[in-house]
Amino acid sequence: MRVYKIAAIPADGIGPEVIAAGLEVVETLAACDGGFRIETEHFPWSSAYYLEHGHYIPEGGLDRLKTFDAIFFGAVGSQQVPDHVSLWGLRLPIAQGFDQYANVRPARVLPGVKSPLIGGEGIDWVIVRENSEGEYAGNGGRAHRGLPIEVGTETAVFTRVGVERIHRFAFDLARKRPAKHLTLVTKSNAQRFGMVMWDEIFYEVAADYPDVKTDRELVDAVTTRMVLKPRTLDVIVATNLHADILSDLAAALSGSLGIGPTANLNPERQFPSMFEPIHGSAFDITGKGIANPVATFWTAAMMLEHLGEDAAAKHLMAAVEAVTAAKVHTPDLGGNATTADVTKAVCDYLRARKAFEPRV
Ligand code: NAI
Ligand code: MG
């Protein structure tokens, strides 16, 4: 029996609702297959915890997390704590502390889901986001606060090591997909240092991947291409900020923010990787029992794949797709199903199929 230690950090808003649903489907999957088991430990780190204790991650917290095989994360963000405090208090210390430099964000229109875009059913993208430096390097400062001469700087930091490793990761990923096509996205017309270096290193790395087709697009132009010619894109590699924005657009174009999954990977596996839905706390629907758990299920499938449980991951995605095709949809997708309804439908499908079958 293969055993995986999972650290669950549901945190804020709908995070606890979708993580509970996600763990339920993974437990069901494990029970069906019999080949693996998960041992989950819950960490109460959240904005409520911060308001009580003055910190999100207690001393030694990262050292404890380090012993897990994967981190299953909900969302962080509260109306009682400024967003920059919550993000830098919990999610970024884990992603940066564990050098999870490759943020992988697939977007695809699942069966039965309607894209708001005409021709949107052609969306099948993976956005690879640089996740350790760039615009979110935390480099900057404020001076002369409150005075007319106040100044704030936010310096993007790009290193050769950081840029080269994300490009290699993106090429490796593109190579495994049928289209073998990688689009470089930067803003190297206006930003002539770091962004030009991104472009240069991309083409250096490209020489090692002659089987991968490449093209490049400025970040503003790629938004129009995503909307007008979705089928011309396959894998996109972009900086921390640019890919953050593009992946919300990708999720919305593929039907809902409640669908998009993400993996924060430390590809060298020196540290655990972190898996989370791309959405945030969703204050407007917290506690109503209607959060779409599909993003978290897809996220769980990515986590299983990372753990080497490919058959289980495929089985889970087949279940999710059967359920979206059957129109068991939460309100964000125009339906009236609850989080519990969708979760039950996925678990029922998993139990009915029991043994894993290859997806047809
Ligand atoms: P959000 O993703 O929480 O919500 C945007 C809209 O999408 C809302 O109308 C919400 O109801 C809807 N939505 C999101 N997830 C959904 C789901 N699973 N099912 C159905 N509808 C869903 O983004 P927003 O409003 O910008 O941010 C709210 C809080 O979350 C902020 O504090 C923000 O900082 C935080 N946040 C945290 C993230 C993280 O932990 N990685 C990512 C994005 C935002
Ligand atoms: Mg975002």
Side-chain angles (χ1 to χ4, degrees), residues 73 75-77 82-107 125-142 151-170 173 182-202 205 215-227 233 235-254 257 260-266 274 276-281:
F73 188 89
V76 64
D83 281 343
H84 67 274
V85 173
S86 56
L87 193 69
W88 281 96
L90 184 57
R91 197 184 154 273
L92 288 179
I94 299 173
Q96 298 191 349
F98 287 168
D99 206 16
Q100 294 164 347
Y101 64 82
N103 188 188
V104 181
R105 300 182 154 200
W125 305 324
V126 181
I127 297 177
V128 176
R129 169 185 178 190
E130 201 297 315
N131 208 32
S132 67
E133 53 177 37
E135 306 86 347
Y136 300 171
N139 195 306
R142 300 238 333 236
V151 55
T153 61
E154 194 82 50
T155 308
V157 176
F158 302 100
T159 65
R160 177 167 277 277
V161 168
V163 177
E164 182 172 341
R165 68 184 182 175
I166 198 64
H167 285 330
R168 281 199 189 280
F169 181 90
L173 194 152
L182 179 61
T183 301
L184 164 69
V185 171
T186 52
K187 187 67 188 170
S188 48
N189 56 345
Q191 297 180 299
R192 58 200 166 131
F193 308 114
M195 294 284 82
V196 173
M197 188 178 89
W198 253 70
D199 291 355
E200 285 172 10
I201 297 175
F202 179 86
V205 173
D215 58 1
R216 62 181 275 241
E217 204 74 75
L218 296 174
V219 65
D220 41 351
V222 86
T223 60
T224 62
R225 186 161 154 200
M226 286 167 80
V227 172
L233 292 162
V235 181
I236 291 171
V237 63
T239 66
N240 217 330
L241 171 67
H242 291 166
D244 190 7
I245 298 166
L246 296 179
S247 52
D248 269 30
L249 175 61
L253 293 178
S254 54
L257 208 50
T262 189
N264 301 279
L265 300 178
N266 172 247
M274 176 162 65
E276 54 171 346
I278 74 164
H279 63 72
S281 307

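Since the structure is predicted, the reported quantities are computational estimates derived from the model, not experimental observations.
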Step by step, work out the side chain to side chain contact (heavy atoms under 4.5 Å, CB included) result for W198 and K187.
-> CA-CA 10 Å; W198 253 70; K187 187 67 188 170; over 6 Å; no
Search all heavy atoms of G77 against all heavy atoms of S86 and return the closest pair with its distance.
-> CA-OG, 3.8 Å
Check: D244 and R105 side chains under 4.5 Å, non-hydrogen atoms = yes
Can you tell if the side chain of Y136 reaches within under 4.5 Å of the side chain of L87, non-hydrogen atoms only?
-> no
Can you tell me if N264 uses its side chain to pair, donor with acceptor, with the backbone of M274 under 3.5 Å?
-> yes
Tightest non-hydrogen contact, residues A251 and L257, listed as CB-CD1, 3.9 Å
V104 side chain reached by F169 side chain, heavy atoms, under 4.5 Å | yes
Decide side chain to side chain contact (heavy atoms under 4.5 Å, CB included) for F98 and N266; before the verdict, give the C-alpha distance in whole Å, the side-chain angles of both, and the deciding distance to 0.1 Å.
-> CA-CA 7 Å; F98 287 168; N266 172 247; 5.6 Å; no
Can T262 and R129 be counted as having a side-chain donor-acceptor contact under 3.5 angstrom?
-> no
Any side-chain heavy-atom pair of E133 and N139 under 4.5 Å = no
Heavy-atom donor-acceptor pair, N131 side chain to Q100 backbone, under 3.5 Å = yes
Inspect the contact between D199 and R192 and indicate whether a charged nitrogen and a carboxylate oxygen are less than 4.0 angstrom apart.
-> no
Taking the side chain as every heavy atom from C-beta outward, state whether M226 and W125 have any atom pair closer than 4.5 Å.
-> yes
Is the side chain of H242 donor-acceptor paired with the backbone N or O of L218 at a distance under 3.5 Å, no angle test?
-> no
Could you check if a side-chain atom of T239 sits within less than 4.5 angstrom of a side-chain atom of M195, using non-hydrogen atoms only?
-> yes
Ignoring hydrogens and geometry, is there a side-chain-to-backbone donor-acceptor pair from N103 to L265 under 3.5 Å?
-> no
Would you mind reporting whether D215 and R225 have side-chain heavy atoms less than 4.5 Å apart?
-> yes
Side chain to side chain contact (heavy atoms under 4.5 Å, CB included) between H167 and L182, intermediate numbers included | CA-CA 10 Å; H167 285 330; L182 179 61; 6.0 Å; no
Non-hydrogen side-chain atoms of F158 and E130 separated by less than 4.5 Å = no
May I ask you to decide if I236's main-chain N or O and T183's side chain share a donor-acceptor pair within less than 3.5 Å?
-> no
